[in-house]
J.: 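Below is the structure I would like to discuss, written out as structure tokens.
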Amino acid sequence: MGANSSSISELPENEYLQKLSGSEPISENDPFWNQLLSFSFTTPTNSADLKLLEEATISVCKSLVEKNPRTGNLGSLIKVFLSRTKELKISAECQNHLFIWQAHNALFIICCLLKVFISRMSEEELQLHFTYEEKAGPSSYGVECEDLIEELLCCLIQLIVEIPLLYPCQHTDSNWWKWLCSWYRGRYSGGVTSALGYAVRDITYSISLEAVTTLIVFLSCQLFHKEILRESIIHRYLMHGRCLPYTSRLVKTLLYNFIRQERSPPPGTHVFQQQTDGGGLLYGIASGVATGLWTVFTLGGVGSKASAQLEQCSPLASQSLLLLLVLANLTDTPDSPNPYRQAIMSFKNTQDNTAFSSSNPHAFQINFNSLYTALCDQQKSDQATLLLYMLLHQNSNVRTYVLARTDIENLVLPILEILYHVEERNSHHVYMALIILLILTEDDGFNRSIHEVILKNITWYAERVLTEISLGSLLILVVIRTIQYNMTRTRDKYLHTNCLAALANMSAQFRSLHQYAAQRIISLFSLLSKKHNKVLEQATQSLRGSLGSNDSPLPDYHFWEMSDCLHFSETKLRHAQDLNVIEEVIRMMLEIINSCLTNSLHHNPNLVYALLYKRDLFEQFRTHPSFQDIMQNIDLVISFFSSRLEQAGAELSVERVLEIIKQGAVALPKDRLRVSAQDLIT
């Protein structure tokens, strides 16, 4: 670093970094800082490069940790950064036209150092490192030092919410932007004027990204503590004092960063090379602009092999989303709730003209249409899925808006695709997707509307060609597939429960089920029935072995006495627990079938057809003490339609059977079907 370009391998020997981490105190007014911050080092854009950077600079960071109590150089560096940002805000009066690049470079170094400091010490020790000053004693610190942590945090937030990323016509209210553009026009008239938005955007993008990343690093203290940080110094600064007035603006800016998905500038487009003539610290700005802009303008053109990858890269959106999620999940303070969570819970649509509640000073408005589009597009990211869950769960305005959308398939299909590719996703992503479906299916309007949306050619569903199917039937197919995957792989009871709960929420509104969806419902029940018989046989054999006789009659397993259970080994107890779990799942499946038959029998001839085709499956549960009540309706439907089919004669075609079912559905008196007390499972 310094006046010349640096590579990662050269960093440990860099003379400027060695001086920063050395034993000599450096005043914040020392010319050294201009030398240190005048580098053209390309900052890492991926985790692999970042790891190499951290490994290369660990010796420098360790040295600074050791010597900073004597030198106070970390505090000096931060004060230099703060002074650069102040120059940025009053740029019309500033004589140094390189302040924004130096501010970025200073922040980049601070962020790298903070990662090491936070991982190696408590917050109290970190606070001392921010307040150390040069003194006669080796471990003394200034008595009247300002609190640099709070000032730095507040400055980072101001950078995020105040620096524009786009183009002059969209930021005409920014005085510093107006001045910077006018300065460029005066210095470089002609060809570069129309391209100023790109040139300045590249570096403002980078400094905004660095500010967001540094805030995340500050909040990473929790990673190095086993217990929950309820009295965190960093949390207190962010939720009180000088940072508090920026709450809603910060949340809004982070959301818009996620919505816009601004592409990252190509590496090095904002790097301005040092002039060879004239010496010192001057940069060849015109040359740098021309080179950088040419790279931007030709991005994606003929011969650009990296264009596809770059077009998909939006680190600012990704980091902004991470910061938003961290802020929203900070623990409440004893005297007040988390203001960032309050802002997320209460923001409204820009088209909503109703007044905000006076109890929430952090409320704001945002474009819900843009937010909805971004959420639909980004669900391959588990962070975006978590954001969607949080908004649906905590913000009633967003939930109402989403449920009222007429293109709900744009949101539901990416969620279903997550569940369909369950083996490729982490468990957290799968759970979030499933809970989102559970929230959506709590709304009767949603459950009705998804059966009215007809989809064509679902290419990612590989088990069967689906040329035309309703969104509701596809949802049923994917959830059932998730259940079957869980039965054979993860065997997670709660995943079963949540999947079946979503189906049960929908069951009363099942409409025109696709024949394949109806078959899969009954096939799942068949699989559960076979598993039940297998577990029952294992449990019975375990009990017989414990009692010591293979010939003695056994009581019904539902009436085993405690004295019988005392003979169980750990394996036998597990069999008994497995039996209990599988019976709970079977009952939920029967409740789903019963709810559909009770509420929408005449809308679902394909389900009745599948039920009749596999009616032998239900024989064993008619007299079962756990299922007798729920089997009454199913028995009635099977008996009623079986009788009508027998009267119609043998060798009936599929079409004729469906016709008889449709006629019978009209003829069957509704009052003969008893409504179950557990018609819906929530």
Side-chain angles (χ1 to χ4, degrees), residues 1-44 49-85 87-88 96-117 120 129-130 132-134 148 152 203 206-207 210-211 213-214 217 267-268 270-285 288:
M1 294 185 177
N4 297 317
S5 300
S6 301
S7 65
I8 290 180
S9 60
E10 297 171 345
L11 292 180
E13 289 77 35
N14 184 279
E15 60 177 305
Y16 299 100
L17 291 180
Q18 288 181 345
K19 183 174 181 180
L20 174 67
S21 60
S23 303
E24 178 187 348
I26 307 172
S27 166
E28 60 190 279
N29 300 315
D30 195 302
F32 161 81
W33 300 110
N34 284 330
Q35 298 170 326
L36 174 69
L37 301 180
S38 298
F39 61 84
S40 57
F41 182 81
T42 302
T43 57
D49 288 345
L50 185 60
K51 184 177 180 181
L52 290 175
L53 174 65
E54 291 174 349
E55 291 175 350
T57 56
I58 189 64
S59 59
V60 173
C61 295
K62 287 181 177 179
S63 177
L64 186 62
V65 169
E66 177 185 348
K67 296 173 183 176
N68 187 66
R70 185 184 297 273
T71 65
N73 286 344
L74 176 62
S76 295
L77 172 61
I78 292 169
K79 290 178 181 178
V80 170
F81 166 72
L82 294 173
S83 70
R84 295 296 190 273
T85 58
E87 291 173 359
L88 187 151
N96 179 6
H97 307 304
L98 304 178
F99 55 83
I100 191 169
W101 285 273
Q102 289 200 350
H104 168 269
N105 290 345
L107 185 54
F108 172 66
I109 296 174
I110 291 169
C111 187
C112 293
L113 295 174
L114 277 177
K115 289 180 183 179
V116 177
F117 274 70
R120 292 175 176 270
H129 275 277
F130 271 72
Y132 285 130
E133 285 187 345
E134 181 187 0
L148 282 181
L152 177 57
I203 188 62
S206 297
I207 197 170
E210 211 62 52
T213 302
T214 306
V217 170
H270 66 274
V271 174
F272 282 29
Q273 302 298 325
Q274 181 186 8
Q275 287 183 342
T276 55
D277 55 7
L281 302 171
L282 298 178
Y283 290 82
I285 295 183

J.: Could you tell me the separation between the OG atom of Ser59 and the CD atom of Gln18, rounded to the nearest 0.5 Å?
T.: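 Those atoms lie 8.5 Å apart.
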J.: Would a 4.5 Å heavy-atom cut-off, applied to side chains only, mark Phe81 and Asn105 as touching?
T.: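 Side-chain contact under 4.5 Å: no.
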J.: For Leu37 and Ile109, work out which heavy atoms get closest and say how close.
T.: CD2-CD1, 4.0 Å
J.: Which atom pair, heavy atoms only, marks the closest approach of Glu24 to Lys19?
T.: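 Shortest heavy-atom contact: OE1-CE, 4.0 Å.
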J.: Give, for atom CG of Leu107 and atom NE2 of His104, the distance between the pair rounded to the nearest 0.5 Å.
T.: 7.5 Å
J.: Are the side chains of Lys115 and Cys111 in contact, using a 4.5 Å heavy-atom criterion?
T.: yes
J.: Taking all atoms of both residues into account, what is the closest heavy-atom pair of Leu74 and Asn68, and its distance?
T.: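 Closest heavy-atom pair between Leu74 and Asn68: N-OD1, 2.8 Å.
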J.: With a 4.5 Å cut-off on side-chain heavy atoms, are Ile207 and Trp101 touching?
T.: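 No, too far: nothing below the 4.5 Å cut-off.
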J.: What's the shortest heavy-atom distance between Ser21 and Lys67, and which atoms?
T.: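 Scanning both residues completely, I find the closest heavy atoms to be O-CD, 3.4 Å.
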J.: NZ of Lys51 to CG of Leu53: how many Å apart, nearest 0.5 Å?
T.: 13.0 Å
J.: If we only count heavy atoms from C-beta on, is the Cys112 to Glu54 side-chain gap below 4.5 Å?
T.: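 No - every pair of side-chain heavy atoms lies 4.5 Å or more apart.
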J.: Measuring only between side-chain heavy atoms, which start at C-beta, is Leu113 closer than 4.5 Å to Val65?
T.: no
J.: Which heavy atom of Ser76 sits nearest a heavy atom of Ile26, and at what distance?
T.: OG-O, 3.0 Å
J.: Calculate, to the nearest 0.5 Å, the distance between atoms NE2 and CD1 belonging to His129 and Ile78 respectively.
T.: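 It is 11.5 Å, given to the nearest 0.5 Å.
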J.: So, Ser83 side chain and Val80 main chain: donor-acceptor pair closer than 3.5 Å or not?
T.: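 Confirmed, Ser83 side chain pairs with Val80 backbone.
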J.: For a quick test of reading the model, state the closest non-hydrogen atom pair linking Leu148 to Phe130 and the distance between them.
T.: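 Residues Leu148 and Phe130, closest heavy atoms: CD1-O, 3.4 Å.
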J.: Look up atom CD in Glu15 and atom CD in Gln35, then write down how far apart they are to the nearest 0.5 Å.
T.: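 So the gap between those two atoms works out to 8.0 Å.
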J.: Describe, in one word, how the ring planes of Tyr16 and Phe32 are oriented to each other, choosing from parallel (under 30°), tilted (30 to 60°) and perpendicular (over 60°).
T.: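 If you compare the ring of Tyr16 with that of Phe32, the planes turn out tilted.
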J.: Starting at CG of Asn14, measure out to CG of Leu36 and round the result to the nearest 0.5 Å.
T.: 8.0 Å
